[in-house]
Structure formats: structure tokens, C-alpha cells
Amino acid sequence: MMDTKNLLEQLLWGGGYLLLAPLAGGLLAGFDRILTARMQSRKGPPVLQPFYDVFKLLEKRGTVVNGFQNFYMICFLIFVMLTGVLFFSGGDLLLTIFALTVAGVFLVLGAYSTNSPYSTIGAERELLQMMAYEPMLLIVAIGMYLVTCSFQVRDIITFSAPIVYSLPAVFIGFIFILTIKFRKSPFDLSSSHHGHQEIVKGISTEFSGPTLALFEIAHWYENILLLGFVYLFFAAFGPVVAVVSSIVAYIIEIFIDNAYARLTWRFTVRASWTVAATFGVVNILVIALLK
Amino acid sequence: MAHLTISKIITRSAVSKYATRLYPFVKREPYKNTRGHIANEINLCIFCSLCQKKCPTHAITVKKPDKIWEIDRMKCIQCGACVDACPKKCLSMDQQYSAPSPVKSIESFHQEASTL
Amino acid sequence: MSFLKKSPWILHYDGSSCNGCDIEVLACLTPLYDIERFGIINTGNPKHADVFLITGSVNEQNIPIIKRLYEQMPDPKVVVAVGICATSGGIFQECYNVKGGIDKVIPVDVYVPGCAARPEAIIDGVVQGLGVLEKKYAALKNKPSKTAA
Amino acid sequence: MGTRTIIPFGPQHPVLPEPIHLDLVLEDEKVVDALPSIGYVHRGLERLAEVKDYNELVYVAERICGICSFIHGQGYCQGVETLLNVEVPPRAKYLRTIWAELSRIHSHLLWLGLFADSFGFESLFMHCWRVREKIVDIIEETAGGRVIFGSCKVGGVRRDISNDTLKRIRGELAAIESQYNELKPTFLKDASVNRRTVGVGMLSREQAIALGAVGPTLRGSGVAQDMRKLGYAAYKELQWEPVVETAGDCYARTVVRVREVTMSFDIIRQAIEKIPAGPIAVKITGNPTGEFFSRLEQPRGEVVYYLKGNNTKNLERFRIRTPTFANSPPLVIMLKGCELPDVPVIVLTIDPCISCTER
Ligand code: SF4
Ligand code: SF4
Ligand code: SF4
Ligand code: SF4
Ligand code: SF4
Ligand code: SF4
Ligand code: SF4
Ligand code: SF4
């Protein structure tokens with residue numbers, strides 16, 4: 001049943017996401033950089049630094065390696081935005097995950113299209129990472145379906161009991177793959193905002209100027225979307241607790257980033273599948289059996 | 001094998017004051033020994049050119065007839081050889097480092113005739 | 001008003017230095033000096049960089065690399081020569097294999113003296129470089145026809 | 001996949017501040033061969049002996065490299081002193097020992113930081129350098145420069161450290177050491193660090209000896225060789241033993257350096273206890289004649305100076321063999337068959353220093 005009020009609400013949420021997510025995502029990134037600096041006993045940049053960076057990049061003249069690259073990056077951004085709109089307007093969770101995967105594929109294509117050895121390796125690793133986190137994302141969706149009997153975000157978000165109670169292990173598994181999605185140590189294989197590693201900046205090596213800015217903005221959209229997933233786990237506690245929980249999850253990710261060395265991709269894939277298999281599957285089986 | 005061995009340090013750092021020295025807003029007193037730049041008490045100079053000869057980077061030019069002592073800050077490596085060589089002890093090592101600059105220029109010290 | 005000043009990303013290259021100036025450049029990134037305060041990031045990727053920090057007296061083998069890195073950097077960009085080796089060749093100026101100064105290879109915008117250049121001096125130098133960057137950006141905007149193609 | 005790719009590593013690369021160039025032949029992400037090419041820092045400074053006299057050459061020697069600046073100056077001076085038959089006053093010997101060990105601590109902390117960075121542990125890098133800055137402050141206070149000491153000269157040292165200052169420094173060092181001790185467990189025990197270092201980049205004792213490894217690379221493979229045992233400066237009057245580990249992997253080489261820092265703190269403490277009063281330099285007359293091989297232990301291993309004098313102000317020949325040069329053949333062996341992400345980790349464990357290798 002879908003009346004006009006509902007539709008309006010959905011449009012509002014979707015539009016709100018489009019407008020506010022980059023703001024929130026950028027602020028979050030600024031907060032991330034300050035907290036990281038403080039953990040390293042440094043003062044760190046201003047909160048608005050990520051915005052300065054992006055505006056600066058937009059001012060630069062990009063040396064585009066080829067036209068396809070820009071095209072793929074724009075597709076990546078559009079698909080990430082689309083994914084977010086789908087999610088925040090209360091759409092289908094499976095579809096969201098699917099759209100996110102498509103976005104990821106565009107990013108990989110963008111990196112492949114440059115023919116630089118670093119970005120090729122970065123792209124290969126990005127693919128491996130997708131292989132690593134995809135199963136867990138699906139398990140999250142399935143788990144939520146088992147609990148709420150719906151794949152629709154608007155149903156999940158209004159579900160009466162906190163989902164985290166039913167899916168604690170799935171939540172831990174999700175936090176685990178968040179380190180991959182946020183591109184944080186120990187799993188920041190394909191790209192790293194710290195830029196100190198064997199493949200220079202990996203997947204973003206050949207992007208420069210405005211193209212790199214698009215990459216950053218897409219990343220902000222993506223981060224807010226991912227925190228939206230965290231929100232779902234705590235939705236029933238009310239918006240305040242849920243938002244705070246999402247932020248706490250983000251802080252935990254920053255802490256982990258600073259407490260671990262980067263690990264190799266072999267280990268990443270193995271570890272994330274093990275986590276998905278043990279935590280995720282066991283949790284789901286328990287739910288299914290109790291039903 | 002242990003996990004999160006660094007957690008104590010990073011948590012403590014996150015909640016306590018950073019180690020950053022807020023240069024250029026806060027400047028630290030230089031140490032007494034710090035080798036910054038060469039200063040010349042030009043009125044004592046006898047233009048003997050010993051410093052010019054000893055300087056390993058040819059940063060110093062002494063123009064005896066004009067009573068001019070020149071130093072190229074962009075060549076000086078603060079080794080102090082000139083200070084050690086100077087017979088009149090008019091050269092000294094100041095603690096302040098020389099400032100960056102968009103152009104290379106030579107700093108001249110001119111001895112006033114009247115002071116002799 | 002441009003945002004270049006608030007987010008200068010640097011690329012550091014060792015053009016045959018003695019390491020002295022390089023460790024001071026690195027020291028600028030570490031807690032005591034923390035140049036990320038000014039939004040500065042050491043990118044290691046010429047395509048992302050605005051400021052090119054070069055140390056060392058530049059030997060023959062480095063010339064093509066420095067030129068290539070310089071060309072890979074998108075406009076506007078500035079070059080900061082760090083240390084006496086980079087400004088004039090320093091103690092190595094008489095060596096047969098060195099050029100003796102970055103400005104013999106690519107145009108230099110700011111010279112930072114010191115052997116080794118102190119982190120404070122490097123910070124001052126980069127800040128001066130930002131002023132130049134700003135001017136170059138303005139110049140670039142005023143005649144877009146030339147570089148737009 | 002399964003194809004061979006050649007990926008260039010360097011010369012401009014952020015992991016190491018120095019330019020070396022490696023062509024890595026990869027199969028998937030496995031390194032099947034590593035072809036080093038060098039020459040990016042060669043300045044030809046040994047030829048400067050022809051234009052600088054033996055007293056001036058110490059300024060050049062100190063700038064062979066900025067990381068162990070002091071030890072290069074020291075090695076050069078010891079060589080010339082031997083050619084001139086000069087005995088350095090005891091206080092100068094102790095001061096040289098103190099500066100050399102300060103330089104070792106700062107160099108090892110610098111290395112530990114860069115090493116952490118090579119496996120993406122940024123906060124560990126930052127904390128190592130935070131502690132290192134305190135050592136650098138002591139160096140600046142006593143020697144006048146953060147990087148280039150400028151305190152050695154032929155015949156002794158150029159400046160004294162007063163006994164009061166030495167006592168105060170002893171107290172400061174104790175505080176620095178306790179901060180350093182907090183960092184140790186992360187290198188030695190952290191699970192994520194160990195995963196990147198244990199069993200990576202193996203070099204057996206036999207290989208290490210046959211290929212002529214030196215320094216921590218050699219001692220990490222179970223050979224107890226440390227040039228400080230030759231007894232130059234004040235080392236023969238102090239109590240210490242070379243640090244040896246047997247595993248021969250990146251982890252063992254890390255442990256060697258971690259333990260050497262502790263040992264250096266101890267050596268400085270002993271030197272401050274025992275330092276005699278007296279002059280800090282002797283007057284130098286005459287010109288160097290004859291040949292001499294001066295051997296010292298740098299943070300990275302044994303360095304050899306060959307000096308040949310012909311009774312003129314200028315040395316006839318001035319040659320240096322550096323630790324990184326000696327450690328390069330072992331490095332190529334360690335790299336073969338490793339994974340791409342392990343390359344920076346392995347390259348760093350020999351603590352490569354190109355500056356003095358190419359001069
Ligand atoms: S300090 Fe050294 S380099 Fe500078 S002017 Fe004096 S002798 Fe020359
Ligand atoms: S050595 Fe001293 S007195 Fe002689 S020219 Fe130089 S500054 Fe003047
Ligand atoms: S200026 Fe001095 S410290 Fe810097 S690279 Fe040159 S010799 Fe080394
Ligand atoms: S391998 Fe190391 S030294 Fe060589 S270019 Fe890369 S980072 Fe620099
Ligand atoms: S040191 Fe030898 S190998 Fe290296 S650049 Fe010079 S001549 Fe070539
Ligand atoms: S081999 Fe050494 S001494 Fe001979 S020319 Fe080359 S740098 Fe100079
Ligand atoms: S072994 Fe040493 S001296 Fe002989 S050619 Fe090689 S670098 Fe030169
Ligand atoms: S070993 Fe390294 S740190 Fe030491 S002098 Fe040589 S290049 Fe410098």
C-alpha cells in the first residue's frame with residue numbers, strides 16, 4: 001500500500017540523503033582525521049579539511065589519462081548516490097547491495113582503464129576485496145529478512161525489537177567488513193588515504209584533480225550509506241541511540257585503523273570469509289531454527 | 001602473540017595533549033649551541049680572507065679594497081669552519097636559521113670608513 | 001579565493017641528497033611538527049601533488065626523473081628546493097656528477113637554506129611556496145584559453 | 001592472470017625517503033626476480049679528496065649521509081689519526097662514543113618508524129618518531145645541529161659537553177627510555193605485526209656469511225659480529241655484548257635493532273659514569289702518509305674507510321664501503337619468491353641507505 005504521504009516521505013529522505021550525505025560524510029572524514037592525528041599525538045588538521053581538499057581538487061586541472069576514466073568515475077559516483085537514495089528512501093536491501101556492487105565494478109573499471117601497473121594491481125585488489133565483503137553483506141540482508149520478514153528498509157527500520165539483539169554475531173561480522181569498506185587498516189589494500197605503501201595510492205593512482213575529487217565525494221556518500229546499515233541494527237532504540245551507535249561504530253573503526261598493521265589480501269579474503277561463515281552463518285542458523 | 005598492543009598508547013594520546021610544537025605560532029628557544037647562521041661583527045674584520053679560504057662551499061667573498069664581506073646564505077652549510085679560522089673572532093655562529101626566500105641573494109656587510 | 005592554500009599536497013623527492021634534509025622533511029610530518037595542521041599531505045604521487053619538495057644536489061641520473069615528476073604534476077604547482085645541496089650544490093658543488101642545484105633542472109620557486117634545513121625552515125618555505133601557488137593559480141585563471149585544451 | 005608483470009619500485013616512492021630503483025618481476029603478486037639499479041644519489045664525493053685538504057674533508061665525510069653523520073665523521077677522523085700517528089685524548093673518545101650511540105638510537109628509532117610505515121602501521125610510525133625527536137633535541141643541544149653533528153675533527157672533537165649537562169642528559173635519557181619501552185611490545189609481540197614479519201625474507205646463517213651481510217642483517221642470522229668489538233673510541237672500556245638473533249627473518253632483524261637501542265642507552269649511561277676529565281683535542285701537525293682501513297659499526301652495519309695519504313695536505317685516495325652495499329646481495333636473495341606487499345618490508349629490514357652507498 002503506497003499512498004502519497006508515503007511517497008512524499010520517501011522523496012524527502014532520498015533528496016535529503018543526496019544533499020546532506022556529502023556534508024555529513026565530509027564532516028565525518030574531518031573528524032576521522034583529527035581523531036587519527038590525536039591518537040598519533042599530533043594536533044591534526046581543521047575539521048573542514050576534507051572539504052578544502054575536495055574544493056582544491058576541483059580547482060586543479062586534472063591530467064585525465066583517458067576519457068573513459070572520467071566516465072567510469074562519474075558512473076561510480078552516480079551509482080553510489082543511487083544506492084544511497086534507494087536505501088534512505090526505504091527501498092529494497094538486496095537491491096541496495098546489488099547497486100553498491102555495480103558501483104564498485106565501475107570503480108574497478110575506472111582503475112583498469114588507465115593501464116598503469118599500480119592502478120591495475122589496485123583494481124585487482126579491489127575486486128578481491130569485493131569478493132571478501134560481498135558474502136557478509138548478503139548475510140546482513142538475509143539476517144534482517146529472517147528477523148523482520150522483509151527486505152524493505154522501511155519495514156526493517158520500523159521493526160519493533162532492536163535487530164542487534166537477534167543478530168549480534170552478524171553485527172560483529174558487519175563491523176569486520178566495515179574496515180574493508182572504509183578502507184582502513186588492517187584491510188586498506190587497494191587504496192589508502194595515507195599513501196605510504198607499495199603501490200603508491202593503488203586504485204586512485206591515476207586519478208587527479210577533479211576526478212580524484214569525485215572519488216572522495218563518492219567515498220563520503222558511501223560512508224554515510226554504510227553507517228545507515230549500522231543504524232538499522234539499532235533503529236528500534238530510537239533515532240538518537242541509533243545515530244550515536246553509528247558514530248561509535250565509526251570511532252571503533254578509527255581505533256582499529258590505528259591499532260593494526262596492514263595485512264595482505266590473502267589474509268583479508270580468508271579472514272573475512274571465515275568471519276562471515278562462523279559469525280554470520282551460525283547466527284542465521286540459530287535464528288532460522290528458533291523461528 | 002598479542003592483539004592491540006598499542007592501544008594503551010593511542011588511547012592515552014587521544015585523551016591527553018598532543019606533542020605537536022605549534023610552530024610558527026609558538027617558537028622554541030634555540031639551544032646555545034644551535035648552528036643557525038653566520039654573523040659578522042664587521043667593524044672588527046680586517047679582510048684577511050682566511051674565512052673565504054677555509055669555507056668548504058665558497059660561500060664567503062671578501063673584497064678587501066672595498067671593505068666588503070659577503071656571504072651567500074644559499075651556499076653556507078653552517079659548518080663553522082670560518083668561525084674557527086677567523087683571527088679577529090669577528091665571525092660567530094648565530095642560533096637563528098636563515099630564512100627561506102624566493103630568490104637567491106648575497107648578503108653584504110660593508111665596513112664604514114669612519115669606524116676605522 | 002582559492003582553496004589551494006588550505007590544502008597543499010606535497011611530493012617529496014630525494015635528488016641525490018645525503019638524507020639529512022629528507023629526514024627533516026619526514027620529521028615535518030611527525031607529531032612534533034605535524035604539518036597536517038596546515039592541511040598538508042605527503043602524497044608520494046605526482047598526479048595528486050601541488051608542491052614539489054626536492055632535496056639534494058641532483059646528479060645526472062636524476063635529471064630525467066625530476067623533469068618527469070615535474071611534468072606529471074597538474075598545474076598550478078610550485079617547487080621548493082630544500083637544503084643547501086638543493087639550492088646551490090653545497091658541499092658537493094665540486095663533485096663531477098652533480099648539477100649543483102635544482103634550479104639548473106627545473107624552475108624553483110622557493111629556496112630553503114640550511115644543512116640540514118630545519119623543519120621550521122621547511123615549514124616557512126612551504127608557506128612561502130603557497131603564496132606563489134596562489135599567484136600562479138590567479139594567473140592560470142586569467143588566461144584559461146591556453147591551458148584548457 | 002598468471003602473467004608476468006614488471007613493476008617499477010622507485011626511484012620516487014614514499015616508503016623509503018631515498019631513491020633506489022628496483023624492477024620487480026611479478027607473477028600475480030609473487031616476486032620472481034628483483035633487479036636493482038642504482039646511481040640516483042651518486043655524487044662522486046670521494047673525488048673531493050683531491051680538492052679539499054684532510055682537515056676539510058671531515059665536513060664532506062659528515063655529509064656522506066645525514067642519518068649517521070656522526071659515525072662517518074668519526075670513521076674518517078679515526079683513519080686520518082691513524083695515518084698521522086695521533087692519539088686522541090680519552091675525554092674525546094668518550095664524547096665520540098656518546099655521540100655515536102645517540103646517533104644509533106636516533107637512527108634505529110627512525111628505522112623502526114619507517115619499518116612500521118612499510119607495513120601500514122601509521123600510528124606506530126608516528127610514535128617512534130615522537131620519541132626520536134627527544135633524542136634529536138639532545139643531539140641539537142650538545143652538537144648544535146639536529147642532523148649534521150659537526151662535532152668531530154681530526155685529533156678529537158670540536159666541542160665539549162659539560163659534566164653537568166651530561167648528568168642532566170642521563171636523567172632525560174632515562175625518561176626517553178621508558179617511553180621507548182612502551183613501544184617495544186608492539187614490535188615484538190603484536191599479532192598483526194608478527195604476521196607481516198615472522199618468516200618473511202629468510203636469510204640463513206650460511207647465506208648471510210657467504211654473501212657478506214653486515215650489521216643487524218648479519219646478527220639477525222645468528223652471527224655475533226659487531227665492529228665495536230674492535231675496541232675503537234671507548235668501547236673496550238665499557239661492558240656490552242653484540243646482540244644476536246638466530247631466526248634470520250624480518251622479525252629477527254627487527255628484534256636485533258629493538259634490543260640494540262636498549263643496549264645503546266646502557267652504553268651511554270656507562271660512558272657518562274666513566275668519562276674522564278681532560279682536553280678534548282690534540283694539535284695536529286704534519287700530513288697523512290700510508291694506507292689504512294678504518295672499520296666501524298654503523299647503525300646499519302660495518303663501514304670501511306680506505307684512506308691513502310702521500311704526505312700532502314690532500315689524501316691520495318678516499319674510499320668507503322658501506323653497509324647497504326654489503327647488504328644488497330643478501331637483499332636480492334631475500335626478495336626472490338616473496339609477495340608484492342612484502343617487498344617494502346623486506347627492503348627495509350636491511351635498513352637500506354643509498355646515500356652513503358652511492359656517495
Ligand atoms: S659556516 Fe662553513 S659554509 Fe658557512 S660560511 Fe662558514 S665556512 Fe662557509
Ligand atoms: S677571517 Fe675574520 S677577519 Fe678575516 S676576512 Fe674573514 S671575517 Fe674578516
Ligand atoms: S643540505 Fe646538507 S643535510 Fe641537506 S642534503 Fe645537503 S648535505 Fe645533506
Ligand atoms: S624503493 Fe624506496 S628508495 Fe626506492 S624509490 Fe621507492 S621508496 Fe624510494
Ligand atoms: S658509484 Fe659506481 S655504480 Fe654507482 S653511479 Fe657511480 S659509477 Fe655508477
Ligand atoms: S669510483 Fe669513487 S672515487 Fe672513483 S670516480 Fe667514482 S666516486 Fe670517485
Ligand atoms: S667493489 Fe667497490 S670499488 Fe670495486 S667496483 Fe665495486 S664499488 Fe667500486
Ligand atoms: S648507512 Fe645510511 S644512514 Fe648511515 S651514513 Fe650511510 S646512508 Fe647514511
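In what follows, every chain begins at residue 1, and chains take the letters A, B, ... in the order their sequences are listed. The basis for the numbers below is simple: all heavy atoms, side chains too, and nothing from hydrogens, waters or symmetry mates.
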Student: Could you tell me which non-hydrogen atom of B:Pro100 sits nearest to which non-hydrogen atom of C:Pro113, and how far apart they are?
Tutor: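 Scanning both residues completely, I find the closest heavy atoms to be CA-CD, 3.6 Å.
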
Student: For B:Lys75 and C:Ser88, indicate whether the former's side chain and the latter's backbone hold a donor-acceptor pair under 3.5 Å.
Tutor: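 Such a contact is absent between B:Lys75 side chain and C:Ser88 backbone.
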
Student: Using distance alone, with no hydrogens and no angle criterion, decide if C:Asp124 and B:Tyr97 have a side-chain donor and acceptor under 3.5 Å apart.
Tutor: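 Yes, side-chain donor-acceptor contact under 3.5 Å.
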
Student: For B:Lys54, check side chain to side chain donor-acceptor pair (under 3.5 Å) against everything at least two apart and list the hits.
Tutor: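 Checked B:Lys54 against side chain to side chain donor-acceptor pair (under 3.5 Å); zero matches.
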
Student: What part of C:Gln128 is in contact with chain B, defined as an atom under 4.5 angstrom from a non-hydrogen atom: side chain, backbone, both or neither?
Tutor: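 Interface part for C:Gln128: side chain.
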
Student: Let me know if C:Leu32 has heavy atoms under 4.5 Å from chain B in its side chain, its backbone, both or neither.
Tutor: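 The answer is both parts of C:Leu32.
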
Student: For B:Cys79, is it the side chain, the backbone, both or neither that has a heavy atom under 4.5 Å from a heavy atom of chain C?
Tutor: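 B:Cys79 has no heavy atom closer than 4.5 Å to chain C.
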
Student: List the atom of B:Arg73, the atom of C:Ile84, and the distance in Å for their closest heavy-atom pair.
Tutor: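 Heavy-atom minimum between the residues: O-CD1, 3.5 Å.
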
Student: So for atom NZ, which belongs to B:Lys89, do other residues, nucleotides or ligands contribute more than 12 heavy atoms lying within a distance under 6.0 Å?
Tutor: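 More than 12 heavy atoms, drawn from other residues, nucleotides or ligands, come within 6.0 Å of this atom.
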
